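On a predicted model such as this, the values are computed, not experimentally measured, just so you know. Hydrogens, waters and symmetry mates play no part in the numbers below; they use all other heavy atoms, side chains included.
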Amino acid sequence: MNLMDALNWRYAVKKYTQQKVSNENVDQILRAIALSASSAGIQPYRVFVINNDRIRQKLAKDSFNAQITEASHLIAFAAFDAISKEHITDFIRFMASERELPEAALAEYKNALEQHLLTRTDEENFIWSSQQAYIALGTGLIAAAEAKIDATPMEGFNSGALDELLNLKEKGLKSVLLLALGYRDAQEDFLANQKKVRLPLSELVTEITE
């Protein structure tokens, strides 16, 4: 299935079967998320694969999203609640190691990151971190569709409850998004056979030439 076919095939699944997604396919989606575009390459979020049924049941109590418990896998995206100088130092150290460079060679880049990120409020950096998580979610959706695995992005959940269940506050994180993975129940999902509705390019896109 080519990319356009995969994107036309996918939709936000409402009802899942009990079929499980293989570990290999989940790992492939996670690797795609790890390779997602990220501003400055800093990836200011973390990803949690929630296989604990107790946590999923508790989370589902405060949500209208049945997919939280019904899907094969549940992935949570949690954004940094603040950006510290230590975050930037650790990132530069990692980059230097991966590229086999002395850290001094990245001093100018490190300074630019500090000037840009550390002069903003924690709230501003949390919003920025959340936006980066959304980009990663989009990459995960595309990777799932390419593998013909169904997915549902979700915001309608009790983020405070999930933060507590996963001890995210102690990690400097706040949950912002969920991604369910599995296989659609075409008999029970009213959207399964509906035509995908999107604006035509003539309405969606404006080309600026002058």
Side-chain angles (χ1 to χ4, degrees), residues 1 6-34 36 43-81 126 129-197:
M1 189 162 52
L7 294 178
N8 273 301
W9 172 84
R10 71 145 303 277
Y11 71 101
V13 170
K14 306 304 180 188
K15 296 290 292 183
Y16 284 92
T17 68
Q18 294 183 349
Q19 183 180 354
K20 293 295 184 182
V21 179
S22 70
N23 290 334
E24 292 78 12
N25 279 329
V26 174
D27 286 345
Q28 178 177 317
I29 293 167
L30 293 172
R31 286 195 299 270
I33 289 170
S36 183
Q43 296 175 283
Y45 52 84
R46 294 295 181 262
V47 180
F48 296 83
V49 181
I50 306 174
N51 292 323
N52 185 298
D53 288 337
R54 178 186 60 83
I55 291 176
R56 289 174 65 167
Q57 291 287 348
K58 285 187 175 182
L59 187 60
K61 288 181 180 179
D62 297 318
S63 175
F64 56 83
N65 293 305
Q67 302 95 322
I68 289 173
T69 56
E70 292 178 356
S72 169
H73 286 72
L74 184 69
I75 297 173
F77 293 76
F80 287 10
D81 61 10
F126 171 67
S129 297
S130 300
Q131 291 168 338
Q132 300 306 301
Y134 273 85
I135 296 171
L137 170 77
T139 302
L141 287 171
I142 294 169
E146 192 273 336
K148 210 165 185 181
I149 295 165
D150 288 300
T152 309
M154 294 175 282
E155 291 179 311
F157 67 99
N158 187 332
S159 59
L162 184 56
D163 292 354
E164 185 174 343
L165 287 166
L166 299 183
N167 298 313
L168 296 185
K169 184 176 181 180
E170 291 81 353
K171 299 179 176 74
L173 298 166
K174 292 181 183 177
S175 57
V176 291
L177 294 161
L178 296 175
L179 177 62
L181 299 174
Y183 296 97
R184 68 187 67 176
D185 187 335
Q187 300 300 316
E188 298 295 330
D189 192 338
F190 72 98
L191 285 176
N193 299 306
Q194 296 291 320
K195 177 179 172 61
K196 195 179 192 79
V197 178

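Minimum heavy-atom separation, Phe126 to Phe80: CD1-O, 3.3 Å. Across Ala192 and Ala186, no two heavy atoms sit closer than the pair CB-CA, 3.8 Å. When all heavy atoms are compared, the tightest approach of Leu162 to Ala76 is CD2-CB, 4.0 Å.
Applying the side chain to side chain contact (heavy atoms under 4.5 Å, CB included) rule to Gln19 yields the partners Thr17, Tyr183; only residues at least two apart in sequence or on another chain are considered. Partners of Arg10 according to the side-chain hydrogen bond (donor to acceptor under 3.5 Å, both in side chains) rule, which considers only residues two or more places apart in sequence or in another chain, do not exist here. In this structure Ala161 satisfies the side chain to side chain contact (heavy atoms under 4.5 Å, CB included) test together with Asp62, Asn158, sequence neighbours excluded. For Ser36, the side-chain hydrogen bond (donor to acceptor under 3.5 Å, both in side chains) partners two or more places apart in sequence, or in a different chain, are Thr139. Take Lys15 and apply the salt bridge (Lys or Arg N to Asp or Glu O under 4.0 Å) test, not counting sequence neighbours, and it matches Glu70. Partners of Val26 under the side chain to side chain contact (heavy atoms under 4.5 Å, CB included) rule, at least two apart in sequence or in another chain, are Val21, Leu30, His73. A search for side-chain hydrogen bond (donor to acceptor under 3.5 Å, both in side chains) contacts involving Asp189 returns Tyr11, not counting sequence neighbours. Phe77 meets the ring pair (Phe, Tyr, Trp, His ring centres under 6.0 Å) test with no other residue; sequence neighbours excluded. The side-chain hydrogen bond (donor to acceptor under 3.5 Å, both in side chains) test applied to Asn65 returns Ser63, not counting sequence neighbours. With sequence neighbours left out, Lys58 forms a side chain to side chain contact (heavy atoms under 4.5 Å, CB included) with Arg54, Leu165.
The number of heavy-atom neighbours closer than 6.0 Å to NZ of Lys61, taken from other residues, nucleotides and ligands shown, is 12 or below.
Applying the side chain to side chain donor-acceptor pair (under 3.5 Å) test to pairs two or more places apart or on separate chains, those with a residue in residues 162-171 are Asp163-Ser175. Listed by first and then second residue, the side chain to side chain donor-acceptor pair (under 3.5 Å) pairs that reach into residues 44-53 come to none, sequence neighbours excluded.
Proximity of Leu181 to Asn25: side-chain heavy atoms (C-beta onward) are nowhere separated by under 4.5 Å. Under the 4.5 Å side-chain criterion, counting only non-hydrogen atoms from C-beta, Leu178 is not in contact with Ile75. Side-chain contact check for Phe190 versus Lys14: some heavy-atom pair is nearer than 4.5 Å. Put simply, the side chain of Pro153 reaches to within 4.5 Å of the side chain of Leu137, judged on heavy atoms. A 4.5 Å side-chain heavy-atom check between Leu179 and Met154 finds every atom pair outside the cut-off. The closest side-chain heavy-atom distance from Ile55 to Leu166 is below 4.5 Å. Counting heavy atoms from C-beta on, the side chains of Leu59 and Phe157 come closer than 4.5 Å. Residues Ile149 and Gln28 are not in side-chain contact: their nearest non-hydrogen atoms beyond the backbone lie 4.5 Å or more apart.
The distance from atom OH of Tyr16 to atom CZ of Arg184, rounded to the nearest 0.5 Å, is 9.0 Å. Note that CG of Leu177 is 7.5 Å distant from OG of Ser130, once rounded to the nearest 0.5 Å.
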- prompt: Taking it one step at a time, do Leu74 and Thr69 satisfy side chain to side chain contact (heavy atoms under 4.5 Å, CB included)?
  reply: CA-CA 8 Å; Leu74 184 69; Thr69 56; over 6 Å; no
- prompt: Passes side chain to side chain contact (heavy atoms under 4.5 Å, CB included), Asp27 versus Arg31? Steps please.
  reply: CA-CA 6 Å; Asp27 286 345; Arg31 286 195 299 270; 3.6 Å; yes
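Not a single donor-acceptor pair under 3.5 Å links the side chain of Gln67 to the backbone N or O of Thr152. Using a distance-only test at 3.5 Å, with no hydrogens or angles considered, no donor-acceptor pair links the side chain of Glu155 to the main chain of Val176.
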